[in-house]
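Below is one structure, written out as C-alpha cells; the observations come after it.
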Amino acid sequence: MIIISGSASPKLSAQVASLLGAELVSAEIRHFPDGEIYVRTDAELRRKPVAVIQSTCPPQNDNLIELLLLLDAAKDLGAKRIIAVVPYLAYSRQDKRFKPGEAISLRTISKLISQSGAEEVITVDIHQEETLGNFTIPAFNQTAMPLIGRYLRGLDLKDPVIIGADQGSIKRATRVALELGAEHYFLEKRRISPENVVVYPKDMNVQGRDVVMVDDIVSTGGTIIGAAKMLQQQGAHDVYVACAHPVLAGNAAQRLKDAGIKQIIATDTIEKDVSVVSVAPLIAELLK
Ligand code: R5P
C-alpha cells in the first residue's frame, strides 16, 4: 500500500506508514498566487492500493480541496483501491437543518468525498456516528477514547471523575471512564453565542477530585470554559480537558489556560502541541 500524506497530516501519515511498513509519499502541494491549490505526485500509483491521509482541520476549505484533488489524481493515475483517511472531518456538526433554509453541510462534504475517486472512507470520532450514512461509499469510524483513557491512566489523577461535556459526549465519557475504572457524568449545555455556553449545574461529587472533561471537538473552548467554572465552584481539584479533535480556534488555548484548565489532552487527528495521543494504530488497523 502507498500512503499519500496531505499537508495537514504529515506526522500521522508517517506513523501509519511506518506501522504498516508501507511506502510514504509526500505530494507536492502549493498555492498559486490567487489562492488556488496545486497538487502533484510523481509516485508510481498504477494498480497499487493507495490511502490518502488528510485532516480537514482549519483552514478546512483548503484542506478539503487538497484532499479531493489528491484522491482524484490518485484515481486518474491508475491506483487500484483508494481509501480516503480523514482523521478530522470538517463540517460534521452541521449534520442537519437546525433552522429552515440552512445547508446540511456534512451531507454536501460527504457527497464530494464519495465522488472524488475514493472507494472507502475512514474517519475518527465523527460528531455523530449515524451520519456516516451520508457517504455513498463504505465509511468507517474509529473512536480514540480508549487510547485517551489509557493516556490518562499514566497521569496519576486524584480520585478522577470523567465528565461528558454534553449529552452527545455520554458515550465518549463512558469509554474513557471504563479504561480508568472511574465514575462518570454528563452535563447539559446551551450555546448563547459561538463562544459563550451556559452549562446547567448538576449535583455531582467532585469535591477535591481531579475532573476530566471529555468532548469530541474543542473549538472556541466555550463549552469547556462554561463547565470548568461550575466544576471549580463545586470544589474540583484540577480540571483537565480530553478531546479527539483540538481545533482550538483563535485564542482558545489561551482562554482555556486562563480558565484554569490544567492540561489539554488531544489526539493527532489535528496535529498540535497538545496532540499527545496518536490515532495511528487505529488507522493502521483499519487499513490492514
Ligand atoms: C458540539 O456538540 C461538540 O460536541 C462540542 O461540544 C463543540 O464543538 C465544542 O465547541 P466549543 O469548543 O466551541 O464550545
Side-chain angles (χ1 to χ4, degrees), residues 55-60 63-64 86-99 102 104-107 109 123-132 134 141-145 148-149 162-177 184-202 211-232 239-267 269-270 272-275 277 279:
S55 190
T56 51
C57 51
Q60 46 281 79
N63 284 335
L64 178 68
V86 193
Y88 169 66
L89 182 63
Y91 294 97
S92 63
R93 287 171 290 177
Q94 185 69 27
D95 55 5
K96 54 171 97 66
R97 192 170 280 126
F98 297 94
K99 286 189 200 154
E102 282 180 350
I104 304 173
S105 313
L106 178 62
R107 199 171 64 189
I109 303 304
T123 190
V124 177
D125 279 298
I126 191 167
H127 184 56
Q128 305 272 6
E129 185 128 16
E130 21 336 330
T131 60
L132 287 175
N134 284 301
N141 178 55
Q142 274 281 24
T143 177
M145 295 302 139
I148 288 178
I162 309 300
I163 299 189
D166 55 23
Q167 291 215 19
S169 275
I170 299 177
K171 263 199 200 160
R172 293 182 231 279
T174 310
R175 298 294 295 269
V176 173
H184 63 280
Y185 300 94
F186 71 92
L187 300 175
E188 288 190 46
K189 74 177 189 197
R190 191 162 63 87
R191 193 174 291 275
I192 297 176
S193 70
E195 293 195 358
N196 290 306
V197 172
V198 172
V199 175
Y200 296 103
K202 190 161 189 168
V211 177
V212 183
M213 299 282 318
V214 173
D215 211 344
D216 55 340
I217 303 168
V218 177
S219 181
T220 65
T223 302
I224 299 295
I225 291 167
K229 269 189 210 145
M230 185 197 53
L231 293 164
Q232 285 152 354
V239 180
Y240 293 77
V241 181
C243 68
H245 312 298
V247 172
L248 298 175
N251 62 349
Q254 187 58 45
R255 292 178 68 223
L256 288 163
K257 201 171 165 201
D258 294 345
I261 299 300
K262 172 96 172 167
Q263 187 187 342
I264 304 168
I265 294 140
T267 82
T269 60
I270 302 177
K272 295 251 167 110
D273 293 349
V274 294
S275 305
V277 174
V279 297

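Whatever order the structure lists them in is the order used to number ligands and atoms, beginning at 1.
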Check whether any N or O atom of G221, backbone or side chain, sits under 3.5 Å from an N or O atom of ligand 1, and answer yes or no.
yes
among protein heavy atoms, the one nearest atom 10 (O) of ligand 1 is R191 NH2, 3.3 Å
Nearest to atom 6 (O) of ligand 1, what protein heavy atom do you find, and at what distance?
D215 OD2, 2.5 Å
Sequence neighbours left out, what passes side-chain hydrogen bond (donor to acceptor under 3.5 Å, both in side chains) with R97? Give chain and number order.
none
Atom indices of ligand 1, in the order listed, that fall short of 4.0 Å to a heavy atom of V218:
12 (O)
Return the closest protein heavy atom for atom 14 (O) of ligand 1 as residue, atom name and distance.
T223 OG1, 2.5 Å
Say whether H127 and ligand 1 are in contact under the criterion: heavy-atom distance to a ligand atom below 4.0 Å.
yes
Please list, chain by chain and in numerical order, all residues satisfying side-chain contact (heavy atoms from CB on, under 4.5 Å) with A177, sequence neighbours excluded.
I162, H184
Carboxylate-amine/guanidinium contact E195 R255, below 4.0 Å
yes
Given D216, I217, V197, which has its nearest heavy atom closest to atom 3 (C) of ligand 1?
D216
Interatomic spacing from CD1 in I126 to CG in L132 - rounded to 0.5 Å:
4.5 Å
Answer side chain, backbone, both or neither: which part of Q167 comes under 4.0 Å from ligand 1, heavy atoms only.
neither
In terms of side-chain heavy atoms, does R191 have a donor or acceptor partner in T223 at a distance below 3.5 Å?
yes
Tell me the protein heavy atom at minimum distance from atom 8 (O) of ligand 1, and give that distance in Å.
R93 NH1, 2.7 Å
Should the proximity of D166 to ligand 1, defined as any heavy atom under 4.0 Å, be assigned to the side chain, the backbone, both, or neither?
side chain
Compute the shortest N/O to N/O distance between S169 and ligand 1 and return yes if it is under 3.5 Å, no if not.
no
Does K171 count as lying over the ring of F186, i.e. NZ or CZ under 6.0 Å from the six-ring centre, within 45 degrees of the axis?
no
For the residue pair N196 / S193, report whether a side-chain donor-acceptor contact shorter than 3.5 Å exists.
yes
Do T220 and I225 come within less than 4.5 Å of each other through their side chains, counting heavy atoms only?
no
For atom 13 (O) of ligand 1, what's the nearest protein heavy atom and its distance?
T220 OG1, 2.6 Å
